[in-house]
Number of protein chains: 2
Amino acid sequence: MVTIRDIAKEAGVSVSTASRALNDNPHVSQATRQRVQQLAEQMGYVPNLNAKNLTNGEANAVGVIFPTSDRVAQANPFYIDLLRGINLELVAHHAVLSIAIGSTPEMLLQNVRAMVQQSHIKKFIFLYSDVNDEVAQWLRDQDIPFVIVGHPIDHGDDLFVDNDNFEAGAAAARYLLTHYHVKHPVFVESNQGWEYEMNRREGFERVMAAYHIPVRIISITAETSNTETIHAIENNPAIDGVIATDDDRAMEFYRLWHLTQTETIPFISFNQTVAKQLVDNEFHSINLFPERMGEAAAQLLFQSDESTRARHRLIPFEIN
Amino acid sequence: MVTIRDIAKEAGVSVSTASRALNDNPHVSQATRQRVQQLAEQMGYVPNLNAKNLTNGEANAVGVIFPTSDRVAQANPFYIDLLRGINLELVAHHAVLSIAIGSTPEMLLQNVRAMVQQSHIKKFIFLYSDVNDEVAQWLRDQDIPFVIVGHPIDHGDDLFVDNDNFEAGAAAARYLLTHYHVKHPVFVESNQGWEYEMNRREGFERVMAAYHIPVRIISITAETSNTETIHAIENNPAIDGVIATDDDRAMEFYRLWHLTQTETIPFISFNQTVAKQLVDNEFHSINLFPERMGEAAAQLLFQSDESTRARHRLIPFEIN
DNA sequence: CTGTTAGCGCCTTCAA
DNA sequence: TTGAAGGCGCTAACAG
């Protein structure tokens, strides 16, 4: 293994200048920097990040915190794409992606605590946000920076990356009204109180108000029986378009709709979870670009320029 | 930050004995060990893993390698559960879970290479297996141990954790024949050549052969149109039970079945991806316990006892 | 069984 | 702009 000493020796400089040169420290002459870097390249030098971690007092890792099991059900494919996006940015910073995951909040906190106290990981990304979350609170107490993917709920000054869910809900509504001339759209939701769902619904409602269309909403929760939903459908014979808050609900509603109705109506759902070819042409999806969200989250975490520091990023969506 | 020196001083021993005591090194008297450990506890000592990593020449991390994009689409919750299981075992070893993920094999390899060369990560878990996989090959060349979740394809001596997919396919078939007295089951597959699918199918076929029932198979790939599948259904009017290779195909087939047929028939699918309450009572799922698989994979990676070293673990499944 | 010592590879004062 | 030296926290010979 070729170390910084080897390079220093070969270049005829001291280890300290070699170190400076390799880290683009300004206190080195342009000449020696180039020479050292080139030599390092030739000799196949690769920095030992464990050593760096020790001297820097910080690990070259970002902790990505998953929600505890119960909550994970919904947004699913989302997570993998998020990871890919985050990682894309991390490799550029020579950092690795470490994950914290557990089935209870206690285990999660324990996991995160070990990461910062033992491994000295000092940057985190939350893949959820919750009121009174003890993990987030603990990190705040330790002055450890983190970014939330999604919307902060009870701490407005947390850094976050999100979609403009209000606008997405509105855009979906407009899309149905404009492209399909829908007169009586329905909003199908989970009614779990998720921030993103509420925002989408508000966007939807705003557009309904503008067009003087009464708001129709159907909830499908884990407790909702098929027959209940079918009744809801039958009680709303005018429905001629659907906006669903997620793909699961969209598919479920789609199935029950076609069980009882013969006509085809347009659907819009979020996240493109469901392969589009599985269903018909009037099934649209709003792509939220999770990979971009992940990338942006990591960028937010690594931004150093005090002056232009951003507190959040909204990732644009796309209907298709 | 309280270090090992502080403890040594306080305990009136040298740093080396303190180190030994804390690491349960046998070359310490029971007495001093207890005293030191107790003192460490009291003083709130927490080991600096970065320092350990440096001296040990190995990071306290396990790299978990995701498949490149295309493959991941479906079985998403599966991966999350796997991660949870892996992590569960890792925390016990004071190790962190680092992930390697990328959209192309090149990026993936680059990612993994950086992990071992720069971060000195020396234990890996593959969340896929592929013929001629260059990442796996590279790790073999470096003599770096890894465990595959799934079945090794072209290197029989790789360590792996899997389900007994053959037996699962057979069990599903028997379940339909026994519990539902099905006479003409159909096996719905993706026909992508996945090892696990072929094994499930072989199990199914074995049982069909034993019962002298002709084998019926329907493929649903990304290119298969709805009408093709519906034709397949209509051409097989005798079908009275379904075994689907995954939940996506199950749901799709279920939908198309009920679009054209009025009778209800039992379904068996794998992985419990789809919330069961979304569909009717005759929709069964084979639980593969991904969390246990992850746990077992990590255990395989950490097993030290040469004598009893296992090369693989098969995780039992359950029909429900 | 215990202590002394010398690093692991790198960074960062401090002087020059 | 450079070099020498000390140290990050811990482990592992080597002596005793």
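Quick note on labels: first sequence line is chain A, next is B, and so on, each numbered from 1.
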- Rounded to the nearest angstrom, tell me the gap between atom CD in Q118(B) and atom P in dG9(C). 15 Å

- Item | Side-chain ion pair, D158(B) and R311(B), N-O less than 4.0 Å | no

- Item | Gap between atoms CG and C1', on L49(A) and dG9(C) respectively (whole Å) | 11 Å

- Note on the structure: D6(A) atom CG is separated from dC8(C) atom P, nearest whole Å, by 11 Å

- Task: Please determine, by modelled atom types, if S16(B) and S19(B) share a side-chain donor-acceptor pair under 3.5 angstrom.
- Result: no

- Message: Rounded to whole Å, please give me the gap between CG in L22(A) and P in dG9(C).
- Response: 15 Å

- Task: Round to the nearest Å and state the distance from N48(A) atom CG to dC11(C) atom C1'.
- Result: 13 Å

- Task: Please figure out whether A18(A) or V2(B) has its closest DNA chain D nucleotide nearer the 5' end.
- Result: A18(A)

- Query: Base, sugar-phosphate, or nothing for N23(B), non-hydrogen atoms under 4.0 angstrom?
  - Reply: sugar-phosphate

- Full working for salt bridge (Lys or Arg N to Asp or Glu O under 4.0 Å) between D81(A) and R84(A): CA-CA 5 Å; D81(A) 287 334; R84(A) 192 176 295 114; 2.9 Å; yes

- Per atom distances to the L54(B) side chain, the nearest of dG9(C), dC1(C), dT11(D) is dG9(C)

- N/O (side chain, S19(A)) to phosphate O (OP1/OP2, dT12(C)) under 4.0 Å: no

- Can you tell me how far C1' of dA13(D) sits from CG of N56(B), to the nearest Å? 15 Å

- D130(B) side chain vs D133(B) backbone, donor-acceptor pair below 3.5 Å: no

- Query: Nearest-Å distance, CE (M1(B)) to C1' (dC8(D))?
  - Reply: 9 Å

- Query: For D162(B) and H151(B), does a side-chain donor sit closer than 3.5 Å to a side-chain acceptor?
  - Reply: yes

- Item | Comparing I4(A) and R35(B) on DNA chain C - which has the more 5′ nearest nucleotide | R35(B)

- Task: Answer with yes or no whether the side chains of Q110(A) and R113(A) bring together a donor and an acceptor at under 3.5 Å.
- Result: no

- Item | Below 4.0 Å: OP1/OP2 of dT11(D) and any side-chain N or O of K52(B) | yes

- Item | Rounded distance (Å) that lies between atom P of dA12(D) and atom CG of N25(B) | 8 Å

Taking only nitrogen or oxygen atoms into account, show me every contact under 3.5 Å that the protein makes with nucleotides 3-7 of chain C, one pair per line with its distance.
from	atom 1	to	atom 2	distance (Å)
dG3(C)	OP2	S14(B)	N	2.9
dG3(C)	OP2	S14(B)	OG	3.4
dG3(C)	OP2	T17(B)	OG1	2.9
dG3(C)	N7	S16(B)	OG	3.2
dG3(C)	N7	R20(B)	NH2	2.8
dG3(C)	O6	R20(B)	NH1	3.3
dG3(C)	O6	R20(B)	NH2	3.1
dT4(C)	O4	S16(B)	OG	3.1

- Salt bridge flag under 4.0 Å for residues K123(B) and E58(B): yes

- Note on the structure: Of A51(B) and H27(B), the one whose closest nucleotide on DNA chain C sits nearer the 5' end is H27(B)

